[in-house]
Amino acid sequence: MDTRNFVRLVGNLGTDPKVTETKNGKVARFSLATTENYFENGKQVAKTEWHNVVAWNANADFVAEKCTKGSRVVVMGRLASRSYDDQNKVRRYITEVVAEEIICEKRGMQNVDEAEC
């Protein structure tokens with residue numbers, strides 16, 4: 001049986017994308033906020049989740065050029081986990097969304113489906 005690692009998030013950039021060059025090409029990193037609304041004890045509650053997103057090469061160029069903090073975007077990609085040693089030599093683990101497609105809403109539009117890719 002095949003399995004698939006696929007993520008689709010619709011949210012707002014929490015930070016401007018930060019682009020750096022690596023030996024594997026350009027990479028843009030940014031946070032994405034998604035909000036779920038639900039009712040608890042008769043009151044509406046909004047729960048915001050923050051996601052770390054990584055975009056490579058052409059996607060890095062696109063998001064850096066077209067999207068800024070607060071932009072509404074659709075990110076489609078996959079989850080990837082990795083580890084690294086911090087400055088104190090402590091092993092840290094992180095899960096990120098590796099963007100394979102990004103759609104950034106044009107300013108003033110009401111629907112992400114009208115966005116430019």
*Can you check whether Val75 reaches Val97 side chain to side chain, under 4.5 Å on heavy atoms?*
yes
*Between Phe6 and Val74, is there a shared hydrophobic cluster once you connect ILVMFWY residues whose side-chain heavy atoms come closer than 4.5 Å?*
yes
*Which atom names give the shortest non-hydrogen contact between Gly14 and Trp50, and what distance separates them?*
CA-CZ3, 3.5 Å
*So which heavy atom on Asn12 is nearest to which on Gly70, and how close?*
ND2-O, 3.0 Å
*With a cutoff of under 4.5 Å between side-chain heavy atoms, which Ile, Leu, Val, Met, Phe, Trp and Tyr residues group with Tyr38?*
Val45
*Got a donor-acceptor contact below 3.5 angstrom from the Asn5 side chain to the Arg78 backbone?*
no
*Hphob cluster co-occupancy, Val98 + Val7, side-chain heavy atoms under 4.5 angstrom*: no
_Ile102 reachable from Val27 in the ILVMFWY side-chain graph, under 4.5 Å edges_ = no
*Is a side-chain N or O of Asp86 found less than 3.5 angstrom from the main chain of Asn88, in a donor-acceptor match?*
yes
*Salt bridge Lys69-Asp16, side-chain N to carboxylate O under 4.0 Å*: no
*Any side-chain heavy atom of Trp56 sitting closer than 4.5 Å to one from Thr22?*
yes
*With distance as the sole criterion, is a donor-acceptor pair present between the side chains of Ser31 and His51 under 3.5 Å?*
no
_Looking at every non-hydrogen atom in both residues, tell me the closest pair between Asn59 and Glu100 and how far apart they are._
ND2-O, 3.2 Å
*Using atom types as modelled and distance alone, determine if a side-chain donor or acceptor of Asn52 lies under 3.5 Å from a backbone N or O of Glu96.*
no
*side-chain contact (heavy atoms from CB on, under 4.5 Å) between Cys104 and Phe62: does it pass, once the steps are laid out?*
CA-CA 9 Å; Cys104 186; Phe62 174 81; 4.2 Å; yes
*Which atoms form the tightest heavy-atom contact between Ala60 and Val19, and what is the distance?*
O-CG2, 4.3 Å
*Please step through side-chain contact (heavy atoms from CB on, under 4.5 Å) for the pair Ile103 and Met76, ending with a clear verdict.*
CA-CA 9 Å; Ile103 300 169; Met76 290 164 278; 4.0 Å; yes
_OG on Ser83 to CZ on Arg92, rounded to 0.5 Å_ = 12.0 Å
*Hphob cluster co-occupancy, Val53 + Leu79, side-chain heavy atoms under 4.5 angstrom*: yes
*Would you name the heavy atoms of Thr34 and Gly11 that are closest together and state the gap between them?*
CG2-CA, 4.3 Å
*Which atom names give the shortest non-hydrogen contact between Ala28 and Val63, and what distance separates them?*
CB-CG1, 3.7 Å
*Mind checking the NZ-CZ spacing from Lys18 to Arg29? Nearest 0.5 Å is all I need.*
11.0 Å
*asked:* Is there a side-chain contact (heavy atoms from CB on, under 4.5 Å) between Gln44 and Asn37? Walk through the geometry before answering.
replied: CA-CA 7 Å; Gln44 187 171 358; Asn37 294 301; 3.5 Å; yes
_From Glu101 atom CD to Arg8 atom CZ, the distance as rounded to the nearest 0.5 Å_ = 9.5 Å
_Pairing of Lys26 and Asp61 as salt bridge, 4.0 angstrom limit_ = yes
